[in-house]
Amino acid sequence: MLDTRRKIETPEGVELMLRVAGPVPRAAAWLIDSAIHAGILIIAAFILLRFGDFGKGLYLVLMFLLLWGYFVFFEVYRHGATPGKRAMKLRVVNRNGTPVGWTASMIRNLLRAVDLQPGFFYGFGLTSMLLNRDFQRLGDIAAGTVVVFDDVPAWKTEKSNIEATPPALALDLDAQRAILAYGDRVDQISKERAEELAAIVSGYLVADDKSASKQLIGNAKWLAGRT
Amino acid sequence: MKQEAFESKYKTAWCIFEDWLEDQERRKKLAALNSKLRPSDIAKRYRDICHHLSLSRARHYSPILQQRLNQLALRGHKFLYKSKGSFLRDSGRFFAFTFPNAVRRYWKFFAVSSVLFYLPLIALIIAVQYQPTLVYSILDPELASRYESMYEPDVEHVGYERGSESDFLMFGTYVYNNISIGFRTFASGVIYGVGTIFVLLFNGTFIGVIAGHLTQIGYGSTFWPFVSGHGSFELTAITIAGAAGLVLGYSLWAPGPRSRIASLKHAANEAFPLILGAASMFLIAAVIEAFWSSSSTISAQVKYTVAGFLWLFVAGYFLILGKTRGS
């Protein structure tokens, strides 16, 4: 199935779902982090330029630390997310869902040097991500980590005052789930799209008129037990 | 039970747990203490939430509720099952225990790596004494003269390129160079170990021919005191990085009961302490090289004595430290 959800089994007996992130959001996160690096290095260059060779040595050490230590620090001490990743709502975790430790973080960042090749275009890393089920780059494979989405949907607050009405037909389980999902999503999609979707069942489940969407929402509320 | 009833019954409990998690993640320990959730109840609350997640799936409640509970359980899972490591304690344990034991466990690879490195090194030092022109079949004259200028007997800072006068700049350069070489030695082990063998032989040859040449033309009095200090750390680090590369290569030749990829992954994990320790040794070598070895004000005898102690220290570290009963 074309899905990026991965299951992890927990000791409590429930399966938790992780959604792995592909190359595009990760590349965006990396661009943001690189911009931050560039900013820091430019400011550092201005300051350290005054100190001649001592400053140059310090600059090299700073560059070394940034390219490597920056990622390790944020992954271990800030819940697996550098500022760039946090902006893209991503997080680095171990395969089993636990937060990354020192070893894993250092391995994956050490191998970043290999993933960067050729040049700085992440050619190897990108190829590895595209060939791997979990979008792991070489560093991830060696460290046993994955990058997952960490977005949390808000609790659904009931805003509409549409009355809860039972569906016109007796529905099987899949149909009930579909209507419930519609009721959940209808706030996030445009009105035209909501009408378009409701039009699929208009004529037999709901009336074939402009209020099809509202009727479906009412059905969803009833199925969820909301009064 | 309908979804609405389910939600209204348990929502408070979920929100309290979520607030508690937020406080923990943001390190607001004091706020967490004021939470309505007592520490003794945390595990039970987490198990309840897992149970609610299972129920919401089994009863086919709305996807948003399932997703919400999934995220809540995931965060709880992450918090409850994370390893509580402290950097100081973990790095202390690494250097006192993990690293020396790793080198001892892979002593055969270390021995092979040492032979591949030191054999050409010593052979060429000796050979160049009897056949001085051998240098120019391995180095080009420009490179040879550059090295000669770095180790002239009356140079102010030994080992520096003419023009750069700063200890700290050289430190930065050494750190970058040495660690890159060490890393390349290790990473090229992925090519069935052939890369590592080549890098070790090459570096041994290169260093040997330079050492031999400089001794032969009489610059030994500046060269040997210079390298003696950091040599103990740097040469050992090169051979350890080589050993790590050979571990990788060997895992591909003889994967045992695993597939080759699984064997490589396993070997990478095993070899990781070696490469991390080697990187630390390179760092120490860079410190010694930049701030101690290059100084022309310290006499050769002092440098040799210190070097002797450093070699003893390195040998003792790997032979003695971290041994537990029975290992």
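Naming: A, B, ... by sequence-line order, numbering from 1 per chain.
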Can you check whether A:F71 and A:H37 have ring centres sitting under 6.0 Å from each other? yes

Taking B:S56 for its side chain and B:Q66 for its backbone only, find out whether a donor-acceptor pair lies under 3.5 Å. no

Salt-bridge contact B:R68-B:E18 (side-chain N to carboxylate O under 4.0 Å): yes

Given that the side chain runs from C-beta out, which part of B:L276 has a heavy atom under 4.5 Å from chain A: side chain, backbone, both or neither? side chain

B:I275 versus chain A, heavy atoms under 4.5 Å apart: side chain, backbone, both or neither? side chain

Give, as side chain, backbone, both or neither, the part of A:D150 having an atom under 4.5 angstrom from any heavy atom of chain B. both

At a heavy-atom separation under 4.5 Å, does B:Y46 approach chain A through its side chain, its backbone, both, or neither? side chain

Looking only at non-hydrogen atoms, find the nearest pair between A:A164 and A:K221 and report the distance. CB-CB, 3.9 Å

Chain A contact via B:F183 - which portion, at a heavy-atom distance below 4.5 Å: side chain

Only pairs of heavy atoms separated by less than 4.5 Å count here; which of B:R57, B:H60, B:H51 has the most with chain A? B:H60

Contact part of A:V93 toward chain B, heavy-atom cut-off under 4.5 Å: side chain, backbone, both or neither? side chain

Proximity breakdown for B:Y81 and chain A, heavy-atom pairs closer than 4.5 Å: both

Using a 4.5 Å cut-off on heavy atoms from C-beta on, say whether the side chain of B:L53 contacts that of A:L16. yes

For A:R112, is there an ion pair with A:D115 - N to carboxylate O distance below 4.0 angstrom? no

Please indicate whether A:K89 has more than 12 foreign heavy atoms, meaning atoms of other residues, nucleotides or ligands, lying under 6.0 Å from its NZ. no

Heavy-atom distance under 4.5 Å to chain B: side chain of A:E15, backbone, both or neither? both

What part of A:L173 gets closer than 4.5 Å to chain B, counting heavy atoms only: side chain, backbone, both or neither? side chain

Heavy-atom cut-off 4.5 Å, strictly under: side chain, backbone, both or neither for A:M106 against chain B? both

Please give me the minimum heavy-atom distance between A:I8 and A:N96, naming the atom from each residue. CD1-O, 3.5 Å

Heavy-atom pairs under 4.5 Å with chain A, option from B:K265, B:Q3, B:K78, B:M1 with the top count: B:K78

